[in-house]
Amino acid sequence: MPELPEVETIVQHLRTCGIIGKSIEKVSVLSADCIASGSPTRFKKLAAGARIKHISRRGKWISLSLDAGTILVHLRMSGSLRVLGEDEELDPYDRLVLELTGGKRLAFRDIRKFGRAYLVQDPEEVLGNLGPEPMSGELTEKSFHEMLTTRQRQLKPLLMDQTFLAGMGNIYTDEALWEARLHPARRSELISPTESRRLFLSIRKVLEAGIRNQGTSLGDGLANYISAQGEPGRNQIHLKAYGREGLPCPRCKTPIEKIVVNQRGTHFCPTCQQLR
DNA sequence: AGTATAACCCGTACGC
DNA sequence: TGCGTACGGGTTATAC
């Protein structure tokens, strides 16, 4: 379930794997539907021979900048990127494999086949509709309040809307709303400046904690995200609301409740986060 | 136009 | 024990 902190961790890890500067010698598309921009044949033709210049992130998207074009990967919830040595074998869930000069391979592995890879000339084709980066200067307390009050949505689905804000998923949204003491179903147009400031600061706080802890690894082995190379993240220990239904709220000891908001499991404290 | 809901996929957990 | 079924996760497509 990679959200912004997990994707950031993956990108940081990939940068240490010695694939930057390498060229793509061969492309294997093992599952055609993971290629979202044109045909697998086109993808192979454009990627073959290209050199990986640098690796970055935008929202939940991973960007491999090539000397000609850009590969954009979205892991959705069960995807991962692995760098394999020459002696390491693929597994049945590897969907796309880039063989690099020097023998390493970059494998896009995805159990549920929701993830997608694009190869585009202009990244804006794919990233153009994303909202601001929550950690960047383009988002301010003032602009955030304006963003909230000019929409008429419930807070939770709004925060998870990637065109509103880039990078929040189910876990960090529940955590940010708990931190800000705001009910997930609160209407965005009714948020006061004080409340939006709390939410703004809470979003940054939970995302920064997630990155510092190298992501949240939940233990069902599937949604289980392994921060790139077998190292699980540590953020799950620090979760205050997500996955804690029935357990005491760390602030007031009221049992955390789990409800469904916009078809998403939603965890919150009924005492601290009142709808009013 | 803006907002709300359904559908996509598939391994796992759970109930009977 | 074995089988069937609901669930979750992010996004896109469709409906309102």
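Remember, it's a predicted structure, so these values are computed and weren't measured experimentally. A, B, ... follow the sequence lines: proteins, then strands. Residue 1 opens every chain.
- Y118(A) pairs in a ring pair (Phe, Tyr, Trp, His ring centres under 6.0 Å) with only one of the listed residues (F108(A), W61(A), F43(A)), which is W61(A).
- Rounding to the nearest 0.5 angstrom, the gap separating the CD atom in E208(A) from the CG atom in N213(A) is 12.0 Å.
- We find that CG of N170(A) is positioned 15 Å from P of dC7(C), with the value rounded to whole Å.
- At a non-hydrogen distance threshold of 4.0 Å, N262(A), Q263(A) from residues 258-269 of chain A come into contact with DNA chain B.
- Checking the phosphate oxygens (OP1, OP2) of dT11(C), a side-chain nitrogen or oxygen of K60(A) falls inside 4.0 Å.
- Remark: P of dA4(B) and CG of L155(A) are 11 Å apart, rounded to the nearest angstrom.
- Side-chain N/O atoms of H74(A) include one lying less than 4.0 angstrom from OP1 or OP2 on dT11(C).
- At whole-Å resolution of the value, NZ in K113(A) and P in dC8(B) are 15 Å apart.
- In this structure, R76(A) atom CZ and dA7(B) atom P are separated by 17 Å, rounded to whole Å.
- Between I256(A) and A241(A) the shortest heavy-atom distance is CG2-O, 3.8 Å.
- Nucleotide dT12(C) holds its P atom 10 Å from the CG atom of D161(A), rounded to whole Å.
- Taking atom CG of residue D110(A) and atom P of nucleotide dC9(B), one finds them 12 Å apart after rounding to whole Å.
- Rounded to whole angstrom, the span from the CG atom of L159(A) across to the C1' atom of dA4(B) amounts to 16 Å.
- A donor-acceptor contact shorter than 3.5 Å is absent between the side chain of R153(A) and the backbone of L148(A).
- Contact check for Y172(A) versus M160(A): no side-chain heavy atoms found under the 4.5 Å cut-off.
- Taking 4.0 Å as the cut-off between side-chain N and carboxylate O, R198(A) and E179(A) do not count as a salt-bridged pair.
- Atom CG of D122(A) has more than 12 neighbouring heavy atoms from other residues, nucleotides or ligands inside a 6.0 Å radius.
- Defining each end axis of the helix from dG2(B)-dC16(C) to dC16(B)-dG2(C) as the rotation carrying four pairs' C1' atoms onto the next four, with five pairs an end, the two axes are found to diverge by 50° to 10 degrees.
- Within the 4.0 angstrom heavy-atom criterion, only backbone atoms of the sugar-phosphate kind lie near Y93(A); the bases stay farther away.
- Side-chain atoms of D174(A) never come within 3.5 Å of backbone atoms of W178(A) as a donor-acceptor pair (strictly under, hydrogens ignored).
- Side-chain N/O atoms of K258(A) and T266(A) include no donor and acceptor closer than 3.5 Å.
- In terms of phosphate contacts, Q162(A) brings a side-chain nitrogen or oxygen within less than 4.0 Å of OP1 or OP2 of dT11(C).
- Atom CE in M147(A) sits about 16 Å away from atom C1' in dT3(B), given to the nearest Å.
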